[in-house]
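Residue numbers start from 1 in every chain, and the chains themselves are labelled A, B, ... in the order their sequence lines are given, proteins ahead of strands. Fair warning: this is a prediction, and the values are worked out from it, not measured in the lab.
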Number of protein chains: 2
Amino acid sequence: MISKYALDRDDVTLSGRLVRSMRDAILAGDLKGGARLSEREMTEMFGVSRGLVREAVQTLAAEGLITVVPHKGPTVTLLDRHAAANLYRVRGALEGLACAEFATRASDAQREELFAIFKRLESMLGKEDPNALVEAKNDFYRCLLSGADNEVLELMFTQLNNRIVQLRRLTLSASGRFSVTLQEIGAIIDAIRNRDAPLARELAEAHVAAAAAVVQRRFDNSD
Amino acid sequence: MISKYALDRDDVTLSGRLVRSMRDAILAGDLKGGARLSEREMTEMFGVSRGLVREAVQTLAAEGLITVVPHKGPTVTLLDRHAAANLYRVRGALEGLACAEFATRASDAQREELFAIFKRLESMLGKEDPNALVEAKNDFYRCLLSGADNEVLELMFTQLNNRIVQLRRLTLSASGRFSVTLQEIGAIIDAIRNRDAPLARELAEAHVAAAAAVVQRRFDNSD
DNA sequence: ATTGACAGACTGTAGGACAATCTGCTTGAT
DNA sequence: ATCAAGCAGATTGTCCTACAGTCTGTCAAT
């Protein structure tokens with residue numbers, strides 16, 4: 001058992017914080033898809049040595065967030081329509097699993113928390129607050145994954161989600177979609193409440209497929 | 001379209017080869033679970049500078065193959081019973097997706113190749129050649145993933161599989177299991193032949209669950 | 001207009017230096 | 001004898017410098 005008061009060892013090293021900062025910069029859109037990340041620029045931008053930058057790049061490359069071409073330097077991985085479709089297919093499988101596992105294994109407290117977060121989401125209908133919405137969605141997934149009690153799934157889902165974040169901007173801005181989203185999630189919540197894992201899984205997969213369809217349509221429009 | 005004659009740029013850098021070497025060393029079991037990987041030892045073992053070792057460690061850590069504890073150094077990630085169960089759950093979801101996608105989207109040539117590899121597997125029943133068996137299984141999955149035509153899935157499945165390799169030794173050595181395995185895979189093959197994606201998926205998930213059960217039983221015995 | 005050579009910029013790799021931290025052992029007090 | 005404090009050695013964390021290898025754009029020559 002790890003002490004409740006143990007320091008957060010994930011944060012003590014500069015490397016760790018650098019990886020987070022770079023990841024956040026990409027997820028926040030400050031470093032856009034396709035942007036070149038020369039070592040020199042990065043050392044200036046984050047105020048650390050070249051060695052640390054190179055280590056961080058390796059980490060993010062392994063996560064798929066960055067693409068490294070030898071002797072040309074890393075770039076922020078660009079998502080085309082095909083890659084987007086593939087990401088969503090895998091995400092459907094993982095999110096389905098997460099919902100099924102949650103329905104089967106989550107504790108009562110975790111269930112209540114999930115329901116509460118959903119209520120918070122519902123209360124946002126009509127209001128226009130993208131930041132709060134994104135945060136609530138993040139809470140939702142965090143709770144879902146924690147209840148699924150599977151660190152492997154958590155890791156892979158998080159990695160996948162990080163890559164999808166760039167695309168989520170597209171789905172969120174699709175007006176009128178939010179109420180549909182709420183209905184879909186509501187159905188999943190009901191299935192979880194009834195501990196119906198297969199149904200929860202099926203609904204979750206359908207939900208992701210619907211989101212994927214929206215993204216694909218966006219690609220059509222911008223081509 | 002990338003030229004057929006383009007050099008393999010994945011291998012030109014020492015870093016790239018080092019990552020491969022270290023990964024292979026872990027997968028081959030030369031670096032066992034829990035083994036400590038001090039930077040000094042690694043520089044001597046692979047004959048490269050400390051910087052390269054650190055970069056490679058970052059990459060493999062992001063893949064989950066090694067665990068880094070600040071100021072104590074990296075170790076080969078150790079799999080306990082809980083982690084093993086979690087790995088197999090996720091693997092079930094991904095392998096199910098891969099089979100379904102293959103059934104739906106693979107070309108005729110890819111189908112034929114998969115069937116041929118399966119025949120090769122069948123011919124191994126009775127003979128005792130673990131190496132050839134592992135290689136044939138690898139070919140099987142390579143073909144499966146290539147037919148699923150989803151690089152994201154391919155990446156995640158490969159990462160997952162790398163972590164499971166340590167455990168696969170346990171399932172393979174389970175005598176009498178191989179003929180059952182063949183039957184299970186044979187059923188999947190039939191479903192793929194009939195282009196029945198949902199069935200292929202279901203069977204694949206059941207197949208993984210069976211393998212997971214074997215592993216769990218092994219954990220019981222060795223405790 | 002195409003080719004070829006050159007220069008500048010950037011990455012790839014090595015190795016050293018010092019600070020921060022951990023671990024185990026010794027020492028000292030109770 | 002036991003336990004706490006503290007010291008020493010080893011290891012990692014971080015930065016810096018240096019040089020070789022590779023890419024890209026430019027400019028002259030054909």
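With distances taken from any side-chain atom of B:K72 to the nucleotides C:dA14, D:dT24, C:dT23, the minimum falls on C:dT23. Here the side chain of A:V48 is nearest to one of D:dG13, D:dC15, D:dC23, namely D:dC15. Listed candidates were D:dT11, C:dA14, C:dG12. Nearest to the side chain of B:S49 is C:dA14. When distances are taken from the side chain of B:H71 to each of D:dT22, C:dT21, C:dT13, the shortest belongs to C:dT21. The listed nucleotides are C:dT11, D:dT12, C:dA14; the one nearest the side chain of B:E39 is D:dT12. Closest contact between the side chain of B:L14 and the listed nucleotides D:dT11, C:dT13, D:dT14 involves C:dT13.
Across all strands shown, B:G73 has heavy atoms under 4.0 Å from sugar-phosphate atoms exclusively, and none from any base. Within the nucleic acid shown, B:R50 comes within 4.0 Å of at least one base atom, counting heavy atoms only.
At distances below 3.5 Å, at least one donor-acceptor pair connects side-chain atoms of A:Q110 with backbone N or O atoms of A:S107. A:R177 places no side-chain N or O within 3.5 Å of a backbone atom of A:V214 that could act as its donor or acceptor partner.
When only modelled atom types and interatomic distance are considered, A:E101 and A:T104 share no side-chain donor-acceptor pair under 3.5 Å.
As a whole-Å value, the separation of A:R54 CZ from C:dC10 P is 14 Å. Rounded to an integer number of Å, the gap from CZ of B:F46 to P of C:dT13 is 15 Å. In this structure, the CD atom of B:E44 is 14 Å from the C1' atom of C:dG15, given to the nearest Å. Rounded to whole Å, the distance from CE on B:M42 to C1' on D:dT11 is 14 Å. What separates CG of B:L18 from C1' of C:dG12 is a distance of 13 Å, to the nearest Å. Computed from coordinates, the B:R36 CZ to D:dT12 C1' distance equals 10 Å when rounded to whole Å.
A ring-centre distance under 6.0 Å is not found for A:F118 and A:F140.
The phosphate of C:dA9 has neither OP1 nor OP2 within less than 4.0 Å of any side-chain N or O from A:R40. In terms of phosphate contacts, B:T13 brings no side-chain nitrogen or oxygen within less than 4.0 Å of OP1 or OP2 of C:dT11.
Geometric assessment of B:R142 against the ring of B:F157 yields a negative cation-pi assignment under the 6.0 Å and 45° thresholds.
Taking for each of A:L52 and B:S38 the nucleotide of DNA chain D with the nearest heavy atom, the 5'-most of the two is the partner of B:S38.
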